[in-house]
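Note: hydrogens, waters and symmetry copies are ignored here, and every other heavy atom, side chains too, is used. Since we're looking at a predicted model, the values are computed, not measured.
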Amino acid sequence: MATTEILKTTNLQKSFSGIIAAEDINISVKEGEIIGIIGANGAGKTVFVNMITGYLKPTSGSIEFNGKNITGIKPREATHIGVCRSFQVSQVFMSMTVKQNLMIAMSLSKKSGSALLDPINDDILSKECDKILKQYNIIKQKDLVVSTLSQGMRKLLDIAMAVVGNPKILLLDEPTSGVSVEEKFGIMDIVISALKESGTTVLFVEHDMEIVERYVDRVMAFYQGQIICDAPPKQALKDKKVIQYVLG
Amino acid sequence: MFKGILKEQTIQVGIGFVFIVVLLGTFILPEWMSNNFMYGLSRGLAVLGLMILWRTNLVSFGHALYYGFGAYAVAIAQKYLGVTDVFLRILIAIAAAGLLGFVLGFILRRYREIFFAMLSLAFSMVLYGLLAKAEFLGSTDGMSISPSTMFGFELGRFGLFYFIGFVVILSLIFAHAYLRSSLGHLTTAIMDNEIRVEYLGYSVEKAIHIKYVISACLAGGAGGLMAAALGQVDPDSMVLWSVSGELVFVTIMAGLGNILAPFVGAIFFEFIRTYAYEFAPQAWQMIIGGTLLAIIFFLPGGLWSLFQKINPFKKEKK
Amino acid sequence: MQFLITVLLDGLIYASYLFIVSLGLTITFGVMKILNVAHGGFFAWGAYLASISIIYLGDNEYNSFLYYFAIFLSAIIVGLFFGYIIEKFILRKMYNEDIHLIVLATFGLFWILEDLILHVFGVDPLMPYYPAMELGGIEVGGIFQGVYSLTLAGLAIIVAFICWYFLKKTKYGKVLQSVIFDREVSVSMGINVTKVYLITFIIGGMLGALGGAYIAPTISVSPGFAIDVVVMSFAVVVIGGMGSVPGALIGSLIVGLVRAFAVHQAPILELFIIYAIMAIVLIIKPEGLFAPPKPRKI
Ligand SMILES: Nc1ncnc2c1ncn2[C@@H]1O[C@H](COP(=O)(O)OP(=O)(O)OP(=O)(O)O)[C@@H](O)[C@H]1O
Ligand SMILES: [Mg+2]
C-alpha cells in the first residue's frame, strides 16, 4: 500500500475576535486513510473542516496538500485540486429537484469553458447521474423538490454532490446527524464502501461512537480547539482524556 | 450550444408568436395599435434581460442605464459617424451596453439584494445626470434619430418592424440556449445556495458577471431598437429611474416563468398605457399603479401564469 | 467669501429639508426593512394639503400663526390617513414577500398617490407664498436670504432633537431600537411588532409630508414635483446608511452642501455628482457611512 502523506497541518490556529476556536493543530494524514473526528459541541470540529476546505482562513499556521501549501485557498480552488466536503447543515439547492441538484454538480465537475453552455440535459451525464442516485438510494426521489425531502435524504444528496467532484480527500461534517438511527449505518455503508473503492481519503466528523468504531482507521479527538488524542479507535476510545472531555 | 434548439417547443412557440405579432402589426392593425406591438417587442428585450437577472434574485432598479446607453450609442454613432444602417445600429447598441455592463459588472457582481438594486439605481442616475446636462447630446431635449437604412436603402416602418422581429427571435434563441445550459441552470442554484456553488468549483461572481453582461446586452439592444422606432432619444424617457421602475414593473407583471412572457408583458403594458392615457388621461398612472398592486396580490406568477392555465402546449403531468 | 456664504446657506437649507424627508424614509427602512417609494407621495400630499390651507388662510387674512398650524396639521393628517391605509391594508399583507416586491408595491402606490393629487387639487400649480412673504428677508454676510427658509434649519434641528430624545430616552424608543436590531428576538420578547410597524410607518409618512408641507411656501407646487425628491432622499439614506438616523443627518448635509456647491460652481455636475457620491459610498462601504449595527447570526 502507498503510504504517501496527503494532508498535513502545521500549528494551525483560528481565532474569532479573540476567541480561540482552533489551536496548535498538527496532523498528518496518509492517502486512503479513513479518519473519524470526534469532540463535544463547540470543540472546533467544523472550524477545522472549514479551514481545510477554504471556507475560513486560518489566523496562523499552514495546510499542505500533497506537499503543496494550500493555506487560505478559496473553496472553489479546494474543489479543483480535489479537496471536497459535505456540510453539517446540508447545503443543497432547495428549490430544485434531487436530480437537478446532482446534474448541476456533475456538469460543473465534468465540463468547463464553452461546454458549460451546452444543454444541461445530456444523455450520458443523465445516465451516470441516475446510477449515482441509485447507489445512494435516492433514485425514487429524483423528481422531488429538495425542500420536501427528509433531513437524511438531504444529507445523502449533499454527500453525493461532494463525491461526484472526484475528490482525493473528502471531509464529511456529521454525515449522519439528523438521520434516523435505522438509516445511519445504511448511509455510512453506502458512502464508505463507495469511497474505499475509489481510494479516497476520508475525514468525517461524527458524534456516534459506534459508527466511529466500525468505520475508521484512526480517531482525532477535539477539545476546546485542540487535538487531545490522535490514535486508532480502540485506543482512542479508552483514552482517559477522551472519556472525560468527549464521551463524558 | 445551439444544438437542436429549433426543435424546442419554447422556441417554436416563440417564433410563431413573433410572426403573428409582426404580421398583425404590419398588415392588419391600424398604426397606433401596431405601434404598441412594435414598442412592446422592442422593450420586451430589456424585460427579458431583467428576467434573467431576477431568476438569481438580483433586481436592478437601474436597468434603464443600459437601455438608455444603447439608445444613446445609436444617436451618437449617427451624429459623429453617420451610421444609419440598422444592422450596425443594433450591433453598436448591444456592444456599447455590453461593454458598460462588463466594466460595471466587476463591481456589481459582489452585491446582492437591496444593495444590488441601489447601486444599479445610482449608476443609472449618474448617467442620467450626465446626459441631462450634456449640451452636445441635446441635454434634456435629447437627440433625434433619422430613419434607419439597410444596405443603403431606407427601411421604412414595416421594414423596421420585420427587423425588430428578427432581432427578437435571435434573442429568444440565444436566451433559451443560455438558460437551458449548465451555466444557465446555475441561475436558480446561486439563488438557492451560493456556498454550494462555490464548493462545486464554480465562481459565483463569474456566473453572475456573465449573466449581468447578457442582461445588459439585451437591455442595450432594446434601447437601440426603441431609438430607431421612436426616432428620438432623451434622458427622461430612456434613462430616468422611473424608466427602470417601469421595466421592473413589466417584469413582475409578465412573470418569470418563460422567456416569451417579457414580450407578452411588454406589449400588454404598452396597451394599458396607451388606453389609459387615451381614455383617462388624468388617471393613467393610477390605472398602472393599480394594475401593479393587483398583479402582486392576485397573480403572483404574473400574466404568464394566467396563460399557462389555458396553454394548449402544456404537457400534462401524471 | 460671498460665494462661500451662498453655498453654505443654500446647502444647509436644502440639507435641512432633505433631512426631514429622509429621516422618515430611513426610519421606515430601519424598522420595517421597506424601501418606501411611496414616500414621495406623502411628500407631495403634505405639500398640496398645506398649500391649499395656506392659500385659504392667506386669502382670508387670518392670523399668520395659523399658517404654521396648518403646515403641521397637514403633515399629521396625511401621515395618519395614508400611512394607516397603506400599512394596514397593503404592506401588512406583504411582509413575508420578497423585498423587491414590496418596493414595487410602494412604487405602484406612489403612482396612485400622484394621480389622486391631480383629481383632488387639479393640475394648476399652487403658490402658497404667504408665510415666506410675511417673514421677509435679512442680510447674512452681504447675501439676501429669506427668513422663512432659515426657519427650515431650525425645524430640522428640532426634529433631530426630538428624534434623538425619543430613541435614547424613552421606553418606546428602546422598544423601537430593539425591533430595528432584531425583529425575531423582539417578537419573542413579547413586543407587539405589528403595532410598532403601523406606528413607524405613520410617523415616517408624517415626516415625509412635513418636508413637503414646510417647503411648499418657497416653491411652486405642481404635479410631478415630488419625483426628484424620492431619489434624492434615496441617495441620502444610502449614503448615510439605510436605517441609521445619524446617517440621515450626515447624508443630508453631504448631499445638500455638495449640491449647493455644484449648482453655483459647476451646474453641469448638479445631478451627476450626488449619484456619483451615492455610487462611491456603495462601492466603498455598501452599508453606508453610518450603518446601524447588525445582530450576528451564525
Ligand atoms: N464564524 C464564527 N464566528 C465566531 N465564532 C465562531 C464562528 N464559527 C465558529 N465559532 C466558534 O468556534 C467554536 C467552535 O465551533 P465549531 O462550529 O467548530 O464547533 P463543532 O465542534 O463543530 O461543534 P458542533 O458539534 O456543535 O458542530 C465555537 O465556540 C463557535 O462559537
Ligand atoms: Mg460542527
Checklist outcome for this item: Value for CD1 (B/I288) from CG (B/L293), rounded to nearest 0.5 Å, stands at 12.5 Å

Item to check | Candidates B/L131, B/L230, B/V243 - the one meeting side-chain contact (heavy atoms from CB on, under 4.5 Å) with B/M238 | outcome: B/L230

Item to check | C/L35 portion near chain B, given a 4.5 angstrom heavy-atom threshold | outcome: side chain

Next on the checklist: Under the criterion side-chain contact (heavy atoms from CB on, under 4.5 Å), I'd like the reasoning laid out for C/F110 against B/Q285: C-alpha separation, chi angles, the key distance, then a yes or no.
Outcome noted: CA-CA 9 Å; C/F110 174 65; B/Q285 296 192 82; 5.9 Å; no

Next on the checklist: Taking side chain as everything from C-beta outward and backbone as N, CA, C, O, which of these in C/I227 sits under 4.5 Å from a heavy atom of chain B? Side chain, backbone, both or neither.
Outcome noted: both

Checklist entry - Looking at C/L116, C/L109, C/L118, C/I90, which has the largest count of heavy-atom pairs under 4.5 Å with chain B? => result C/I90

Next on the checklist: Heavy-atom pairs under 4.5 Å with chain B - which of C/I274, C/I99, C/D115 has more of them than the others?
Outcome noted: C/D115

Checklist outcome for this item: Counting heavy-atom pairs under 4.5 Å with chain B, the top scorer among C/L282, C/V230, C/V103 is C/L282

Checklist entry - Can you check side-chain contact (heavy atoms from CB on, under 4.5 Å) on B/I252 and B/L292, steps first, answer last? => result CA-CA 8 Å; B/I252 204 65; B/L292 176 53; 3.9 Å; yes

Item to check | Step-by-step side chain to side chain donor-acceptor pair (under 3.5 Å) determination, B/S203 to B/H209 | outcome: CA-CA 10 Å; B/S203 159; B/H209 201 165; over 6 Å; no

Next on the checklist: One pair to check against side-chain contact (heavy atoms from CB on, under 4.5 Å): C/Y275 and C/M232. What are the steps and the verdict?
Outcome noted: CA-CA 9 Å; C/Y275 298 105; C/M232 202 63 102; 4.2 Å; yes

Next on the checklist: Looking at chain C, which one of B/N57, B/L127, B/I295 has the largest number of heavy-atom pairs inside 4.5 Å, strictly under?
Outcome noted: B/N57

Checklist entry - If you measure from OG on B/S60 to NE2 on C/H100, what distance do you get to the nearest 0.5 Å? => result 10.0 Å

Checklist entry - Among residues 116-124 of chain B, which residues come closer than 4.5 Å to chain C, judged by heavy atom distances? => result B/M118, B/L119, B/L121, B/A122, B/F123

Checklist entry - How long is the gap from CG on B/L45 to CG on B/L247, to the nearest 0.5 Å? => result 11.0 Å

Item to check | Test applied, ring-ring contact (aromatic ring centres under 6.0 Å, His included); reference residue, C/F107; option that passes from B/F249, B/F61, B/W241 | outcome: B/W241

Checklist outcome for this item: Under 4.5 Å to a heavy atom of chain B? For C/V281 that would be neither

Item to check | Which atoms of B/L130 approach chain C - backbone, side chain, both or neither, heavy atom under 4.5 Å | outcome: both

Next on the checklist: Consider ring-ring contact (aromatic ring centres under 6.0 Å, His included). Of B/F106, B/Y66, B/F102, which one does B/Y212 pass it with?
Outcome noted: B/Y66

Item to check | Part of C/P223 within contact of chain B (heavy atom distance under 4.5 Å) | outcome: neither

